[in-house]
Number of protein chains: 2
Amino acid sequence: MAVTDSLIDAALAILEETGLPGLTVRDVAARAGVAPMGVYSRFGSKDGLLEALFMYGFASLQAAIETPPTASPLTRLRTGCQGYRRFAIHNPQLYHLMFEQMLLLDLSPEAKDLAQRSFGTLVERVHAAMTSSELAGTSSTEVAQQVWSAMHGAVSLEIAGVHFATDRAQSFTAMLDALLIGMAPRR
Amino acid sequence: MAVTDSLIDAALAILEETGLPGLTVRDVAARAGVAPMGVYSRFGSKDGLLEALFMYGFASLQAAIETPPTASPLTRLRTGCQGYRRFAIHNPQLYHLMFEQMLLLDLSPEAKDLAQRSFGTLVERVHAAMTSSELAGTSSTEVAQQVWSAMHGAVSLEIAGVHFATDRAQSFTAMLDALLIGMAPRR
DNA sequence: ATAGATAAAGAACAATGTTCTATAACATAA
DNA sequence: TTATGTTATAGAACATTGTTCTTTATCTAT
């Protein structure tokens, strides 16, 4: 329905413009041209609306890390990581919502499943790089978790403005390179 | 003053018990045995109280990463990182507040300075490890930022419950090891 | 001991999430 | 076409919470 999309669009705009504290049901509804009740009839509650944003965010993130196959699986993994950062930097408040509110929001199984699917993509890329002997280790899940942790930390601190490097994109790449080198097979 | 400490203690307890949404001025004041006004006369606002928690948190974090000198600077760095994780896991809501609210709260210069001092400790450890040729690179700030990013990401996801590794402490150590290996001088 | 200042308690106010109620729109069946 | 049951909407109303105001108590200094 058009109103549902309008509400999500309005919420996304307000979120990035004013941050989470500025995201009120009244403002979202007004911007979408409906009464506050419209939010409740469609999303059940404000948390329901936030969950819709959460899912929209993970769908976007999924698209951002999607990459065409390349000669080297490790290169493809790297490209996906750059897409990850690009998404986070372009949608800082949404990214913040997606990850920092996970702890507070109790998400529906569908929402959790969607988030997990993004992680699954990363696991696949890691697995491919292991198969091509560009990464060492036995558990692709373990390694993917570690890569994700590092990426998430870097973009989180960058979004929060807690970053002391001069070139942040370069710093992100350098960290990732060091990590992947440390994960490479010893010879 | 005793009341100020009581308020902070009460706020810390409520924070860890019920999370940030459950941290209301009324509840904090009641638990400390004073009227809500007591919060405002001492901290100015709820955000002022949160900033006090923020500063308490960074003082605790500073203590947690403090380690006696060891034979190897890199070992000392590793020990400090383990202390970092221990603090975060033992005070998840406080850790969450410290880092995720940085973006929203506008902190006083003193608060920012305190946070930066913790980072300074990390930079020193990295610098020492560079001097002893256990780490490569030129900018200890850059490298420290990358180490911090990875640590922060790992504990953030762990706290948020977004962690697919079986042994989380081991996963943290493995990530850190890989990163530090990747940062070691090539030979 | 008293005057001034300080702090506290409780009421009151504003914003916001949520619910209630009455009304309007709409689909469906005879 | 019309009547009816359902759904959606608008606007008011309610509860919670951050904040402020007002009055009262307490404390300090001379």
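Labels below follow one simple rule: chain letters A, B, ... track the order of the sequence lines, proteins then strands, and each chain is numbered from 1.
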- Task: Calculate the interatomic distance between B/Phe43 atom CZ and D/dT20 atom P; express it in whole Å.
- Result: 16 Å

Listed pairs under 3.5 Å, donor-acceptor, residues 46-55 of chain B side chains, sequence neighbours left out:
residue: B/Lys46; atom: NZ; partner: B/Leu23; partner atom: O; Å: 2.8
residue: B/Glu51; atom: OE1; partner: B/Ser108; partner atom: N; Å: 3.1
residue: B/Glu51; atom: OE2; partner: B/Ser108; partner atom: OG; Å: 2.6

- Task: Quick one: list whatever passes ring-ring contact (aromatic ring centres under 6.0 Å, His included) with B/Tyr95, sequence neighbours left out.
- Result: B/Tyr84, B/Phe99, B/His152

- Rounded off to whole Å, could you give me the CE-to-P distance for the A/Met37 and C/dC20 pair? 9 Å

- Only counting residues at least two apart or in another chain, list the ones meeting side chain to side chain contact (heavy atoms under 4.5 Å, CB included) with A/Tyr56. A/Leu12, A/Ser60, A/Leu94

- Note on the structure: Expected list for residues 20-34 of chain B near DNA chain D, using heavy atoms below 4.0 Å, is B/Leu23, B/Thr24, B/Val25, B/Arg26

- Task: Grab the CG-P distance between B/Leu7 and C/dA7 for me, whole Å please.
- Result: 14 Å

- Query: Whole-Å distance between D/dT17 P and B/Leu50 CG?
  - Reply: 15 Å

- Message: Quick check for you: among D/dA8, C/dG17, D/dT19, whose closest atom lies nearest to any side-chain atom of B/Ser45?
- Response: D/dT19

- For the pair B/Arg78 and B/Asp177, find out whether any cationic side-chain nitrogen is under 4.0 Å from an anionic carboxylate oxygen. yes

- Query: A/Arg42 has an atom CZ; how far is it from atom C1' of D/dA10, in whole Å?
  - Reply: 13 Å

- Here the distance between atom P of C/dT16 and atom CG of A/Leu49, to the nearest Å, is 15 Å

- Between C/dA15 atom P and A/Lys46 atom NZ, what is the distance in whole Å? 16 Å

- Task: Quick one: which residue pairs count as a ring pair (Phe, Tyr, Trp, His ring centres under 6.0 Å) with a foot in residues 154-185 of chain B, not counting sequence neighbours?
- Result: A/Phe119-B/Phe164

- Message: What is the separation between atom CD1 on A/Ile14 and atom P on C/dT16, rounded to the nearest whole Å?
- Response: 11 Å

- Which pairs, with at least one residue in residues 82-108 of chain B and sequence neighbours excluded, count as a salt bridge (charged side-chain N to carboxylate O under 4.0 Å, His left out)? B/Arg85-B/Glu158

- Is there a side-chain polar atom (N or O) of B/Ser41 under 4.0 Å from OP1 or OP2 of C/dA8? yes

